[in-house]
Amino acid sequence: MENRVQEIIEQQVLTVAKAVEDKIDDEIAALEKLDLDDIEVLRERRLQQMKKMAEKRNRWISLGHGEYSEIFSEKDFFTIVKASDRVVCHFYRENWPCKVVDKHLSILAKQHIETRFIKIQAEKSPFLAEKLKIVVLPTIALIKNAKVDDYVVGFNELGGTDDFSTEELEERLARAQVIFFEGESSSFKQSKSQTRNVRHGANSQDSDSE
């Protein structure tokens, strides 16, 4: 019986290996068929992609991406969420748990330039806190396309303690698709039940849509 199981396993391994080998052979064959014109087209396409990414990166930087900044008015909040497609907003007060969040978001802001990272003092933003139903602090609002799409409330989703890692918070933000992260879980099914529109006034003409 054990020999039979071993044979089945070995056969499966060989099958997978053969499939991988065939795929590599196909890719090599495709490359060998390329002439100079094809290579030049691919090169030009790649250059255009790099140019677009550089332009997008410059635009993100001009909007304040790449750093973790505090905003001091509710009006600034609405301006920011209309200008950037992805915003992580920390509603805080002056206490230790919020300082822990600050530490991690400061790191992630530099690593994920595609997203705007901000903080706002909840007690000085009563209209916004009431509108978004901010009760527990810290609360991180995850905003996409000017809508609060998800929340990270306290540390319950991060192990329940203040010694969670930056990577744990990064993965949580990635599951909400508010940052780009190759390690995100493809099985994550995002709930839309708490989505609240935070558009204020006319639709912005200035967005960084993909």
Open item on the list: With rounding to the nearest 0.5 angstrom, report the CD1 to CG distance, I143 to D150.
Closed with: 11.0 Å
- [ ] Look at the aromatic rings of F91 and F77 and report parallel, tilted or perpendicular, splitting at 30° and 60°.
- [x] tilted
Open item on the list: Minimum heavy-atom separation for S73 and I120, please, with both atom names.
Closed with: O-CD1, 4.0 Å
- [ ] Drop me the distance from I118's CD1 to H65's NE2, to the nearest 0.5 angstrom.
- [x] 10.0 Å
TODO: Any chance you could lay out the salt bridge (Lys or Arg N to Asp or Glu O under 4.0 Å) test for E55 and K52, step after step, and finish with the verdict?
DONE: CA-CA 5 Å; E55 291 173 350; K52 287 181 180 180; over 6 Å; no
Task: Heavy-atom neighbours of E130 CD exceed 12 at 6.0 Å - done: no
Open item on the list: If you compare all heavy atoms of S69 against all heavy atoms of R116, which two are closest, and at what distance to 0.1 Å?
Closed with: OG-NH2, 3.4 Å
- [ ] Taking all heavy atoms of E114 and all of W60, pick out the closest pair and write down the distance.
- [x] CB-CH2, 3.5 Å
Task: CG-NZ distance between D162 and K99, expressed to the nearest 0.5 angstrom - done: 13.5 Å
- [ ] Could I get the full list of ring pair (Phe, Tyr, Trp, His ring centres under 6.0 Å) partners for F164, not counting sequence neighbours?
- [x] H104, F155
- [ ] Identify the two heavy atoms, one from V101 and one from P138, that lie closest to each other, and give their separation to 0.1 Å.
- [x] CG2-CG, 3.7 Å
Open item on the list: Keeping Y151 on the side-chain end and I134 on the backbone end, is there a donor-acceptor pair under 3.5 Å?
Closed with: no
Open item on the list: Run the salt bridge (Lys or Arg N to Asp or Glu O under 4.0 Å) test against R46 and tell me which residues pass, sequence neighbours left out.
Closed with: none
Task: Heavy-atom pair of closest approach, residues L169 and L158 - done: CA-CD2, 4.0 Å
Open item on the list: Given 3.5 Å as the limit, does a donor-acceptor pair link the side chain of R93 with the main chain of E123, or not?
Closed with: no
Task: F78 and F127 aromatic ring geometry - parallel, tilted or perpendicular at 30°/60° bounds - done: tilted
Task: From R86 atom CZ to F117 atom CZ, the distance as rounded to the nearest 0.5 Å - done: 10.5 Å
TODO: Say whether, by atom type as modelled, one donor and one acceptor occur between the side chain of E157 and the main chain of R172 under 3.5 angstrom.
DONE: no
TODO: Identify the heavy atoms of K144 and A176 that sit nearest to each other, and give their distance.
DONE: NZ-O, 3.2 Å
- [ ] Could you go through the salt bridge (Lys or Arg N to Asp or Glu O under 4.0 Å) check for K124 and E74 one step at a time?
- [x] CA-CA 9 Å; K124 294 183 178 180; E74 294 170 329; over 6 Å; no
